[in-house]
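Just so it is clear, the model here is predicted, and its values are computed rather than measured. Along the sequence shown, the residues carry numbers beginning at 1.
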Amino acid sequence: MKKSTKVTLGIVSVAVIVFGGFVYVAFNGVPWKKVMVSQELEKHVENKYNINVEVVDKYYNYKDGSYGATFKVHRDQEEFTFNSDKAGNDEYLDYYVEELWTSQLKKESDPIIKRSFKSLPIESYDYHFIYGIADELQIKSDNIPNYKKVNSELNLVLRLQDYWDEETKKRGIYETYTLIQELKKQGIDNIGLIIDYKERAEEQEKGHIYRIFFEAGDLKKVHAQEDIEKYLIEE
């Protein structure tokens with residue numbers, strides 16, 4: 001092989017390696033910076049909330065160039081995780097309060113959900129919160145109220161195993177009313193509640209949805225089964 005060919009191949013190899021490294025960093029961030037930022041965030045959240053946390057993940061968001069970490073926290077015999085980010089302008093963001101509220105709601109509502117909807121089985125369920133709602137409500141880090149004491153706007157989303165028809169609609173109204181009454185007995189009436197029926201293939205193609213939808217605070221307005229019909233969505 002000629003010397004000039006070897007030089008050319010060497011240059012090409014170096015260029016490929018450099019380009020590959022650039023692409024990796026662009027999408028995955030700088031490894032050492034992930035570690036540095038996660039340590040910085042760990043110290044920040046522990047001081048802010050007076051808690052002990054464990055780093056369970058470190059990440060980079062290529063869309064906005066921010067670094068972050070996921071932390072596990074043990075609090076009052078509860079265990080949950082939350083994210084914290086360091087934005088490009090060096091601003092610290094975290095969702096400890098939102099995840100704490102979600103953990104409180106989950107602990108109280110899980111037993112109720114598991115014994116509900118006996119005639120209309122639940123396929124899955126989860127909890128949603130609005131990112132940044134704690135900052136919007138100006139929640140102080142040293143005096144965090146229970147989610148029921150503020151307009152936390154948490155949402156409970158249930159997905160049913162059955163398709164929508166007149167029979168499952170009636171059962172859905174009955175089961176939803178029963179669930180709401182059980183939740184209200186525990187003082188849970190400030191959350192949003194979304195109950196989605198399973199969609200047939202043709203319904204998915206046409207974008208049709210069948211659900212029972214309550215915005216945060218609507219549960220307080222439910223006093224009879226007939227009230228549930230106001231919150232039915234067929235579209």
Engineer: Find out whether Lys198 and Asp162 are in side-chain contact, i.e. whether some heavy atom of one side chain is under 4.5 Å from a heavy atom of the other.
Structural biologist: no
Engineer: Looking only at atom types and distance, does a side-chain atom of Ser38 sit under 3.5 Å from a main-chain N or O of Val35, one as donor and one as acceptor?
Structural biologist: yes
Engineer: Val157 and Tyr163: same hydrophobic cluster, using ILVMFWY side-chain contacts below 4.5 Å?
Structural biologist: no
Engineer: Out of Trp101, Tyr131, Phe80, which one pairs with Tyr95 under the ring-ring contact (aromatic ring centres under 6.0 Å, His included) rule?
Structural biologist: Tyr131
Engineer: Compare every heavy atom of Leu41 with every heavy atom of Ala69, then report the nearest pair and how far apart it is.
Structural biologist: N-CD1, 3.9 Å
Engineer: Is there a path of hydrophobic side-chain contacts, each under 4.5 Å between heavy atoms of I/L/V/M/F/W/Y residues, joining Ile194 to Tyr125?
Structural biologist: no
Engineer: Report yes or no: does Asp218 contribute a side-chain atom to a donor-acceptor pair with the main-chain N or O of Glu215 at less than 3.5 Å?
Structural biologist: yes
Engineer: Using every non-hydrogen atom in the two residues, find where Ile122 and Ser124 come nearest and quote the distance to one decimal.
Structural biologist: CG2-O, 3.4 Å
Engineer: Take Tyr147 and Asn190 through the test side chain to side chain donor-acceptor pair (under 3.5 Å) and record every step on the way to the result.
Structural biologist: CA-CA 9 Å; Tyr147 76 96; Asn190 68 328; 5.8 Å; no
Engineer: Enter the distance from Glu199:CD to Tyr210:OH here, rounded to the nearest 0.5 Å.
Structural biologist: 9.5 Å
Engineer: Indicate yes or no: at least one non-hydrogen side-chain atom of Leu219 is less than 4.5 angstrom from one of Ile191.
Structural biologist: yes
Engineer: How long is the span from the OG atom in Ser84 to the OH atom in Tyr92, to the nearest 0.5 Å?
Structural biologist: 8.5 Å
Engineer: Are Tyr177 and Leu179 connected in the hydrophobic side-chain network, where two residues link if heavy atoms are under 4.5 Å apart?
Structural biologist: yes
Engineer: Taking the side chain from Ser103 and the backbone from Glu99, do they hold a donor-acceptor pair closer than 3.5 Å?
Structural biologist: no
Engineer: Indicate yes or no: at least one non-hydrogen side-chain atom of Ile212 is less than 4.5 angstrom from one of Ile228.
Structural biologist: yes
Engineer: Heavy-atom count around Lys148 NZ within 6.0 Å, excluding the residue itself: above 12?
Structural biologist: yes
Engineer: Kindly compute the distance separating CG (Asp94) from NZ (Lys86), expressed to the nearest 0.5 Å.
Structural biologist: 14.5 Å
Engineer: Do we see a donor-acceptor contact under 3.5 Å between the side chains of Tyr127 and Asp110?
Structural biologist: yes
Engineer: side-chain contact (heavy atoms from CB on, under 4.5 Å), that's the test. Do Leu156 and Ile113 meet it? Break it down for me.
Structural biologist: CA-CA 10 Å; Leu156 169 59; Ile113 296 169; 3.7 Å; yes
Engineer: Enter the distance from Phe214:CZ to Lys230:NZ here, rounded to the nearest 0.5 Å.
Structural biologist: 10.5 Å
Engineer: His208 pairs by side chain to side chain contact (heavy atoms under 4.5 Å, CB included) with which of Glu234, Glu203, Glu235?
Structural biologist: Glu203
Engineer: Please determine whether residues Tyr174 and Leu158 belong to a single hydrophobic cluster, defined as Ile, Leu, Val, Met, Phe, Trp and Tyr linked transitively by side-chain heavy-atom distances below 4.5 Å.
Structural biologist: no
Engineer: When you measure from the side chain of Thr70 to the backbone of Asn83, do you find a donor-acceptor pair of N or O atoms at a distance under 3.5 Å?
Structural biologist: no
Engineer: Looking at Glu46 and Asn52, what are the two nearest heavy atoms and their distance?
Structural biologist: OE2-CA, 3.5 Å
Engineer: Return the minimal non-hydrogen interatomic distance between Ser109 and Leu183, and the atom names on each side.
Structural biologist: CB-CD2, 4.1 Å
Engineer: Could you give me the CA-CA distance, side-chain angles and deciding distance for Tyr96 and Ile144, then say whether side-chain contact (heavy atoms from CB on, under 4.5 Å) is met?
Structural biologist: CA-CA 10 Å; Tyr96 170 77; Ile144 303 172; 3.7 Å; yes
Engineer: Is a salt bridge present between Asp196 and Arg159, judged by a nitrogen-to-oxygen distance below 4.0 Å?
Structural biologist: no
Engineer: Determine, using the 4.5 Å side-chain heavy-atom cutoff (strictly less than), whether Val73 and Val55 are members of one ILVMFWY cluster.
Structural biologist: yes
Engineer: Does any part of the side chain of Ser116, heavy atoms only, come nearer than 4.5 Å to the side chain of Thr178, both counted from C-beta?
Structural biologist: no
Engineer: More than 12 non-hydrogen atoms from neighbouring residues, nucleotides or ligands closer than 6.0 Å to NZ on Lys43, yes or no?
Structural biologist: no
Engineer: Is it the case that atom NZ in Lys33 sees more than 12 heavy atoms from other parts of the structure closer than 6.0 Å?
Structural biologist: no
Engineer: If we ignore hydrogens and angles and just use 3.5 Å, is the side chain of Arg171 paired with the main-chain N or O of Leu120 as donor and acceptor?
Structural biologist: no
Engineer: Hey, does Tyr197 have a side-chain heavy atom less than 4.5 Å from the side chain of Arg211?
Structural biologist: no
Engineer: Using a 4.5 Å cut-off on heavy atoms from C-beta on, say whether the side chain of Val222 contacts that of Gln181.
Structural biologist: yes
Engineer: Only pairs at least two apart or in different chains count here, so list each ring pair (Phe, Tyr, Trp, His ring centres under 6.0 Å) that has a residue in residues 102-121.
Structural biologist: none
Engineer: List the atom of Ile173, the atom of Gln225, and the distance in Å for their closest heavy-atom pair.
Structural biologist: CG2-O, 3.6 Å
Engineer: Do other residues, nucleotides or ligands put more than 12 heavy atoms under 6.0 Å from Asn47 CG?
Structural biologist: yes
Engineer: Hey, what do you get for OG1 (Thr176) to CG (Leu160), rounding to the nearest 0.5 Å?
Structural biologist: 7.5 Å
Engineer: What closest approach, in Å, do Glu108 and Pro111 show between heavy atoms, and which atom pair accounts for it?
Structural biologist: O-CD, 3.7 Å
Engineer: Assert yes or no for the condition that the ring centre distance of Phe82 to Phe71 is strictly below 6.0 Å.
Structural biologist: yes
Engineer: Decide yes or no for Lys169 and Trp164: does some side-chain heavy atom of the first lie under 4.5 Å from some side-chain heavy atom of the second?
Structural biologist: yes
Engineer: Ignoring hydrogens and angles, tell me if any N or O in the side chain of Glu98 forms a donor-acceptor pair with the backbone of Ile133 under 3.5 Å.
Structural biologist: yes
Engineer: Which distance, rounded to the nearest 0.5 Å, do you find between the CD of Glu182 and the CD1 of Ile112?
Structural biologist: 6.5 Å
Engineer: Check whether any side-chain N or O of Glu175 sits under 3.5 Å from a backbone N or O of Lys118 as a donor-acceptor pair, and report yes or no.
Structural biologist: yes
